[in-house]
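If you're wondering where the values come from, they're calculated on a predicted model, not measured in any experiment.
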Amino acid sequence: MTATLETSVARSTVDTAVTLSGVSKVFGHGASAVAALDGVDLRVAPGEFVCLLGASGCGKSTLLNIVAGLDHATAGALELNTSRPAVMFQEPALMPWLTAARNVELALRFAGVGRASRRTQARELLELVRLGDVADKRPHELSGGMRQRVALARALASTLASGDEPGLLLMDEPFAALDAITRDVLQAELLRVWETTNTAIIFVTHDVREAVRLGQRVVLLSSRPGRVVREWSLDGTSSDDVVQDINTHLRKVISGHAS
Amino acid sequence: MATPHDTLEAVGAGLDALDAPVQARRAPAWQRFLKTGVPPIVAFVLLIGVWQGLWASALLPEFQLPSPLSVWDELVASVSSGEAFSILWTSLHRAVFGFIAAVLIATPLGLLVAKVRVVRAAIGSLLTGLQSLPSVAWVPAAILWFGVTPATIYFVVLMGSVPSIANGLVAGIDQIPPLLPRVGRALGAGRLASARHILLPAALPGYLAGLKQGWAFSWRSLMAAEIIATSPQLGVGLGQYLHNGSSLNDINMVIAAIFLILLVGIGIELLLFRPLERAVLKARGLTGAL
């Protein structure tokens, strides 16, 4: 009981995992400068699943890179109350010379985990994504869906092991390159893992159905420059109506670019 | 009770079973031998046959084209007197020491050229240019600088192999998919950790190709140096043996020397580099050429 109390207290003191205030990003200088993001405000609660939705050129990937610390904002502020964010890309980007287990262990090593516990933690994470029995296979011996699950285990290893604060997963269209059935299975898998690990997730996609299925909240971004257009909370609403509504807005955003 | 969740789990397990690439089974040993062992043996036998035929036709005088058997006798004689081993040892240990020194010099050099833009701009093309300069061209200069000493021989070996090894490493690093170091940074790897755990292993196939070429270059540079720079204090290596054969107008000795030089080259390739390359490529699923 005490433990439950303590965690809930800890929760209430930190009520946001990620805060972006007025974040802008401009690439290049002078006349050739391109504004990728313009004054984006976004708050993500600890353990929240937020989907960022937008057409090409909405700066989704730029936004993730800024949160991940791989890129810096031109203006605005970023505040993180999480351990080191982990990024998952469209490609699994596993190290081809390492086995699945070694790939996860590499992330743990970079996160500063000692040699002794790396092995057991890597096994546990691979079990979590149901890949315990292919831990010793190399990436080329796995299917695309399995590789992406190893990448998920690696990302979890990175964010869960690198601090006591809750984790944060940044996902840049991670399922876009997979076939429809595999994508469907992996979406369910991701939801299960998210519920088990209590990690906050920012999930970038251009697929409205995917966003509505996965997210607790869907944020629609405009294109060139990226701005927050609208947000939908998905608690208890009929998903078909929301999909319709989001699609309408998305079309409006895209057709605004026809000249 | 089959909830939708359970069925999806089953679908996932089924997909894993269906989608995972099927690993081809290894052919039995005799089949592999038939495919890879027999053709070179047949080629060798044919070559000897053609040689024997040419000799029998007596188109060339005996002192220019000896019979295979007389070359064989020369080889057997030098092996049974122990001379062959001392010659091989003299050359091999020079080549191995020279090669190890070349690896130690070329690896940091290659890293610098690959990762530091100024260094690449400054000496990148020089390094490529040196690769096309026959290392035998360094022998006269080296003799003037160091005299006919081991230093001359090692200098020529280094000039021959360092550019190949460094260039191989540069090519290996240039071919790393940019996503891998990015993943490393996202996982929190510093520059050193990234070099040790991501850049070097990712560049390994190119580096290995460079090492292989570097070995070949150091072996032929050594032969060039030994043929030209002969003196009693240097001892008799394969190059001197070849040089002596030529001085004595002994074609049997010359061909036996060439045969031994080839034997070392092929032996190192088959015993060292081929298995290493196979292991590295197989681990990455790059089995197309194997």
Engaged part of [X] at the chain B interface, taking heavy atoms whose separation is under 4.5 Å:
| X | value |
| --- | --- |
| A:Ala107 | both |
| A:Ile181 | both |
| A:Pro139 | neither |
| A:Leu142 | backbone |

Identified side-chain hydrogen bond (donor to acceptor under 3.5 Å, both in side chains) counterpart of A:Lys25 within the set A:Asn65, A:Asp71, A:Thr74, A:Thr62: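 The residue from A:Asn65, A:Asp71, A:Thr74, A:Thr62 that satisfies side-chain hydrogen bond (donor to acceptor under 3.5 Å, both in side chains) with A:Lys25 turns out to be A:Asp71.
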Which atoms of B:Leu204 are under 4.5 Å from chain A, going by heavy atoms: the side chain, the backbone, both sets, or neither?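 Neither part.
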Within 6.0 Å of CZ in A:Arg119, more than 12 heavy atoms from elsewhere: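 Incorrect, the count does not exceed 12.
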Contact winner vs chain A - B:Val183, B:Leu179, B:Asp16, heavy-atom pairs under 4.5 Å: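 The answer is B:Asp16.
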Looking at B:Ser194, B:Ala186, B:Gly190, which one has more heavy-atom pairs under 4.5 Å with chain A than the rest? B:Ala186
Which of the residues A:Arg109, A:Glu189, A:Met88, A:Glu91 is involved in the greatest number of heavy-atom pairs with chain B at under 4.5 angstrom? A:Arg109
Counting C-beta onward and ignoring hydrogens, is there a side-chain heavy-atom pair between A:Lys60 and A:Glu173 closer than 4.5 Å? yes
Could you tell me how the ring of A:Phe203 sits relative to the ring of A:Phe49: parallel (under 30°), tilted (30 to 60°) or perpendicular (over 60°)?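 Rings of A:Phe203 and A:Phe49: tilted, 30 to 60°.
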Within 45 degrees of the ring normal and closer than 6.0 Å to the centroid, is that where the cationic atom of B:Arg220 sits relative to B:Phe217? yes
Salt bridge check: are A:Asp207 and A:Arg213 linked by an N-O gap of less than 4.0 Å?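 Result for this pair is no, no salt bridge flagged.
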